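The next block holds one structure in the form of structure tokens; read it before the comments.
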Amino acid sequence: GTGLPEDLGADADSSDGTNRDIATVTSDAVLEVTKASEYNPGLANDLSDDQIDYIIRVRNTGVIDATDILITDVLPTRVTFDSFTTTTNGETHLSGEVTATAATLAGNDEIEIRFTVNVDSTLGFTGDPLIIENTASAEADTDGVTGREAAIESTTVRDEIDPVYAVSLSDIGGVAR
């Protein structure tokens, strides 16, 4: 089982207006994947030094160890990898994909990955804010049987980047009246 409650309420179970929740109890490891982001606008008048900091947390809320953990984050096309601020879980970056591995994640323990990306400074704006979305995932052997189970995804984080406008002023002479 997944160890997560299944909500059958809000007319999902019948027209009688009741709300039933079913909780599956499991003796497996249960992964919980969360992701957070913080947009850091740079000082330049363009996007040349704008960055986004990402934090991925994978927590085992189960009772047994999860093993053979693989954390994956495919970066959005509008950013480029800059650097890791943690390097304790075999973090790597290759061709727009951040990965991290761990042999074991004990029950009630957590893995945290922190890294920074640069916002593409060549982006053209149409006057609307630019939305950059990103999701991470983790997979592991959670039931003690050889092989990883299906990947669990984090919620999607959204960073809104305001348009940058270039304004050109020139003196054409004369006096304003």
Side-chain angles (χ1 to χ4, degrees), residues 2-5 26 28-125 128-164:
T2 63
L4 300 175
T26 181
D28 295 347
V30 178
L31 296 184
E32 176 182 276
V33 183
T34 59
K35 182 157 189 180
S37 66
E38 182 178 350
Y39 171 60
N40 301 304
L43 299 175
N45 232 3
D46 54 24
L47 299 176
S48 64
D49 58 351
D50 288 18
Q51 295 184 316
I52 301 172
D53 294 326
Y54 288 121
I55 301 171
I56 303 167
R57 289 185 181 97
V58 178
R59 182 168 198 72
N60 178 1
T61 62
V63 294
I64 67 169
D65 293 353
T67 59
D68 194 22
I69 297 102
L70 173 64
I71 302 166
T72 306
D73 187 341
V74 177
L75 300 179
T77 57
R78 296 176 170 149
V79 301
T80 55
F81 179 80
D82 182 67
S83 62
F84 287 105
T85 51
T86 57
T87 55
T88 57
N89 298 293
E91 293 91 339
T92 61
H93 169 260
L94 181 63
S95 301
E97 183 174 279
V98 169
T99 60
T101 58
T104 304
L105 181 59
N108 282 327
D109 206 358
E110 181 177 88
I111 295 172
E112 182 176 276
I113 312 299
R114 292 176 177 258
F115 62 95
T116 301
V117 297
N118 298 313
V119 176
D120 184 350
S121 64
T122 63
L123 293 171
F125 282 103
D128 295 324
L130 171 68
I131 304 296
I132 296 179
E133 296 182 328
N134 190 256
T135 304
S137 65
E139 55 189 286
D141 179 358
T142 57
D143 61 6
V145 179
T146 303
R148 293 181 184 132
E149 277 65 58
I152 306 294
E153 287 194 345
S154 69
T155 55
T156 300
V157 292
R158 294 174 47 100
D159 291 283
E160 185 174 307
I161 300 168
D162 291 326
V164 176

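These figures come from a predicted structure and were not determined experimentally. If you read the sequence from its start, that first residue is 1, and numbering goes on from there.
Side chains of I71 and N89 form no contact here, defined as non-hydrogen atoms less than 4.5 Å apart.
In this structure, CZ in R78 is found 14.0 Å from OG1 in T80, a value given to the nearest 0.5 Å. The distance from atom CD1 of I52 to atom OG of S37, rounded to the nearest 0.5 Å, is 6.5 Å. Atom OG1 in T92 sits 6.0 Å away from atom CZ in F84 (nearest 0.5 Å). The CZ atom of F115 lies 9.5 Å from the CG atom of D53; values are rounded to the nearest 0.5 Å. In this structure, the separation between CG on L70 and CG on D141 is 13.0 Å, given to the nearest 0.5 Å.
Between the side chain of E149 and the backbone N or O of T142, at least one donor-acceptor pair lies under 3.5 Å. A distance-only check finds a donor-acceptor pair linking the side chain of R59 to the backbone of N108 [under 3.5 Å].
Side-chain atoms of Q51 and N118 include a donor-acceptor pair closer than 3.5 Å. Inspection of the T72 and S137 side chains reveals no N or O donor paired with an N or O acceptor under 3.5 Å.
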Practice task
Report the C-alpha separation of T135 and S154 in whole Å, then their side-chain angles, then the decisive distance to 0.1 Å, and conclude whether the side chain to side chain donor-acceptor pair (under 3.5 Å) test is met.
Solution key: CA-CA 6 Å; T135 304; S154 69; 5.0 Å; no
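Salt-bridge annotation for R158 and E133: present, with a side-chain N of the basic residue lying under 4.0 Å from a carboxylate O of the acidic one.
When all heavy atoms are compared, the tightest approach of V58 to A138 is CG2-CB, 3.8 Å. Minimum heavy-atom separation, A136 to V33: O-CG1, 4.3 Å. Across every non-hydrogen atom of D50 and G42, the tightest pair is OD1-N, 2.7 Å. Summarising the geometry of E160 relative to Y39, their closest heavy-atom pair is O-CD2, 4.1 Å, with the distance given to 0.1 Å. Among all heavy-atom pairs drawn from A100 and E91, the shortest one is CB-CG, 4.0 Å. Among all heavy-atom pairs drawn from I69 and A140, the shortest one is CG1-CB, 3.7 Å.
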I'd like a table of donor-acceptor pairs (distance under 3.5 Å, sequence neighbours excluded) in which one partner is a side-chain atom from residues 61-68, with atom names and distances.
from: T61; atom 1: OG1; to: V30; atom 2: O; distance (Å): 3.3
from: D68; atom 1: OD1; to: R148; atom 2: NH2; distance (Å): 3.0
from: D68; atom 1: OD2; to: R148; atom 2: NE; distance (Å): 3.4

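Paired with V117 under the rule side chain to side chain contact (heavy atoms under 4.5 Å, CB included), one option of D73, V98, L75, D82 passes, and it is L75.
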